[in-house]
Amino acid sequence: MITGIKGMNDILPTEMEAWHFLENQVREVFHSFGFKEIRVPALEKTELFCRSIGDDTDIVEKEMYTFLDKSGHSLTLRPEGTASVMRSYIEHKLYAQNQVERLYYVGPMFRYERPQKGRYRQFHQIGAEIIGENSPLADVQLLNMLCRYFERIGITDATLQLNSLGCPDCRPGYRQTLIDFISSRLDGLCTDCRRRYQHNPLRVLDCKVEECRRACQDAPSVLDHLCADCSGHFATVRRLLTELAIPFEVNNRMVRGLDYYTRTTFEMVSGRLGAQNAVAAGGRYDGLVASLGGPAVSGIGFAIGMERLILMLDESTLPVSRPDLFLVTLGEKALDRGFSLLSRMQREGLHAEMDFSGKSLKAQMRRADKLQARVVLILGEDELTRNQIQIRDMDRGSQDTIDLDQLFPILGERLSDI
RNA sequence: GUGGGUGUAGCUCAGAUGGUAGAGCACUGGAUUGUGGCUCCAGUUGUCGAGGGUUCGAUCCCCUUCACUCACCCCA
């Protein structure tokens, strides 16, 4: 047996209702905020991700699916969406069309990691970006859209965590202050933190080990070291969120895994997801577009992990799809005649099914019941000779005999009020 | 890359201190010559994850390996 690849899952027909639900709702909500969809390839030149995500990040160092194509170019399956969208934005000079672009995307991403709950090697993200808008209103609009989407799909138990990482003016100073602080209490830290504090000091603040938490209890906060502009920006974001009645918690220890983030960063977290508690995350990336060779425009965006979203979905909120009609036939003549009736029903846009194999009436009825068909039509030899058909309401259990030429008018009436 | 757990029917899982396996669900047929759900009856399905070792004999014991899964690292 040839099996699929580790960490890459089939999405089977039984799961598809949930996926369609998420995709349909996201289009409605995001369009109402003026966002346009963009589709970019799954493969990019490796260099794009090294430059945008950062050479020193775990994603680039060990998690990318990278290979040489037949002409020797190094290509990578995208580990996230923002880099590709920015590449496309710059390449097609979208900034020349509109000063501000609002874009969203839906699609698979790839990271070579050990799979576990809520983490897969091929996974799917819904992402949104506002490019070319520096105002804190953009931050708040994006967060508002994220919350409205969660509300729409019935997710109520996620909490929004907010932080600000500062900008190239104020971040280096804080970073050094933090490294100095950590150096002073190195012996209280776990081996991981001792190894990484020079390289990623913020990460130490987020360590789960109890000793590290204690040692870092009174560590300097990034929020106390923001420059005036960043501080003002962050204050406005918090004020507007409050005015929109969007609940949030400030978490000054929240870390981002990608290098390009500046100022506002955020996560939606939930306790229902196992060890990976973030279902959505994002932030501002004011230097990214320029660093990729585009104009000096700011940006902000987020990505939602769809598999994680599905773990949080309450299945009872999903719309159920039932066939309108199931056609039961008895005998060969009725099978032929029924088949052409079926075809006409489908042409009318009805969801109609039947069995082709000549099973017993009971077996066909069982099938209709299993599919939860609303109405069953029964066409046997007797009905055929009288030019009639039986119409049965499966929910009520009532059944009538009608003339065949009345079938479509009657179906129109019966199915319209469902 | 590191650590724990689990691999028996399509699915969820029992099982014996070594004598080649069972239940429920699902599926099919019947009880009702042409009527679903409930009930009852009958039937189908297995290289017991793979390879090797010990043994008269291994699904069970030993070794190796693979897969899945959870967690670490890190992240959506």
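FYI, side chains are in, hydrogens and waters are out, and symmetry mates aren't considered; it's all heavy atoms of this structure.
When the P atom is compared between B:rG51 and B:rC56, the two are found 22 Å apart, to the nearest whole Å. B:rC75 sits 40 Å from B:rC62 when the C1' atoms are compared, rounded to a whole Å. For the P atoms, the distance from B:rG52 to B:rG57 is 15 Å, rounded to whole Å. Using P as the reference atom, B:rU65 and B:rG29 are 48 Å apart when rounded to the nearest Å. B:rG1 sits 37 Å from B:rA16 when the P atoms are compared, rounded to a whole Å. For the C1' atoms, the distance from B:rU44 to B:rG22 is 16 Å, rounded to whole Å. If you take atom C1' in B:rU59 and the same atom in B:rG49, they sit 11 Å apart, rounded to whole Å. Between B:rA50 and B:rC60, the distance separating the two P atoms is 10 Å to the nearest Å.
As a whole-Å value, the separation of A:L202 CG from B:rC74 P is 13 Å. Distance CG (A:D10) to C1' (B:rC68): 14 Å, rounded to an integer number of Å. Distance A:L273 CG to B:rC70 P: 12 Å, rounded to the nearest Å. Computed from coordinates, the A:R308 CZ to B:rC75 C1' distance equals 6 Å when rounded to whole Å. Between A:F302 atom CZ and B:rA76 atom P the separation is 13 Å, expressed in whole Å. Distance, A:N277 CG to B:rC75 C1': 10 Å, rounded to whole Å. Here B:rC75 presents its P atom at 13 Å from CD of A:Q125, a figure rounded to the nearest Å. Whole-Å rounding puts the A:K359 NZ to B:rG29 C1' distance at 12 Å.
With hydrogens and angles ignored, the 3.5 Å screen pairs a side-chain donor or acceptor of A:R322 with a backbone N or O of A:Q372. Panel note: side chain A:R308, backbone A:G118; a donor-acceptor pair is recorded below 3.5 Å. Side-chain atoms of A:E348 never come within 3.5 Å of backbone atoms of A:L350 as a donor-acceptor pair (strictly under, hydrogens ignored).
Ring geometry, A:H124 versus A:W19: the interplanar angle exceeds 60°, so the pair is classed perpendicular (tilted spans 30 to 60°). A tilted orientation is assigned to the rings of A:F35 and A:F30, their planes being inclined by 30° to 60°.
Using a 4.0 Å heavy-atom cutoff across all strands shown, A:Q364 reaches no nucleic acid atom at all. Using a 4.0 Å heavy-atom cutoff across all strands shown, A:A368 reaches no nucleic acid atom at all.
Between A:R414 and A:D400, at least one side-chain nitrogen of the basic residue sits less than 4.0 Å from a carboxylate oxygen of the acidic one, meeting the salt-bridge criterion. A salt bridge does not link A:D393 to A:R374: none of the charged side-chain nitrogens sits closer than 4.0 Å to a carboxylate oxygen. Between A:E44 and A:R87 a salt bridge is recorded (basic side-chain N to carboxylate O distance below 4.0 Å). A salt bridge between A:D218 and A:R185 is present, with a side-chain N of the basic residue lying under 4.0 Å from a carboxylate O of the acidic one. Between A:E28 and A:R152 there is a salt bridge, since at least one side-chain N of the basic residue sits less than 4.0 Å from a carboxylate O of the acidic one.
In summary, the side chains of A:T265 and A:N163 do not present any donor paired with an acceptor at a separation below 3.5 Å, with no hydrogens or angles considered.
Side-chain to base pairing of A:R256 with B:rC74: no donor and acceptor N or O lie closer than 3.5 Å to each other.
Cation-pi geometry between A:R344 and A:F408 is satisfied (NZ or CZ under 6.0 Å from the ring centre, within 45° of the ring normal).
Base pairing analysis places B:rG18 opposite nothing; no Watson-Crick or G-U wobble pair with both distances below 3.5 Å involves it. When Watson-Crick and G-U wobble pairs are counted only if both distances are under 3.5 Å, B:rC40 pairs with B:rG30. B:rG24 is paired with B:rC11 under the Watson-Crick or G-U wobble criterion, all donor-acceptor distances under 3.5 Å. If you check B:rG51 for Watson-Crick or wobble pairing at under 3.5 angstrom, you find it paired to B:rC63. Both distances falling under 3.5 Å, in either a Watson-Crick or a G-U wobble arrangement, place B:rG5 opposite B:rC68. The partner of B:rC75 cannot be assigned: no Watson-Crick or G-U wobble pair with both contacts below 3.5 Å exists in any strand.
Aromatic ring centroids of A:Y65 and A:Y112 lie under 6.0 Å apart. You'll find the ring centres of A:F356 and A:F339 inside the 6.0 Å limit.
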Study note, to complete from the structure: Each nucleotide of nucleotides 32-44 of chain B classed B (base within 4.0 Å of a protein heavy atom), S (only sugar-phosphate) or -, in 5' to 3' order, makes --BBBB-------
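Near RNA chain B, defined here as any heavy-atom distance below 4.0 Å, the residues from residues 114-122 of chain A are A:R114, A:Q116, A:K117, A:G118, A:R119, A:Y120, listed numerically. Contact check of residues 55-68 of chain A against RNA chain B (heavy atom, cut-off under 4.0 Å) returns A:D58, A:K62, A:E63.
Both A:A280 and A:Y112 lie close to RNA chain B; mapped to their nearest nucleotides by heavy-atom distance, the more 5′-ward contact belongs to A:Y112.
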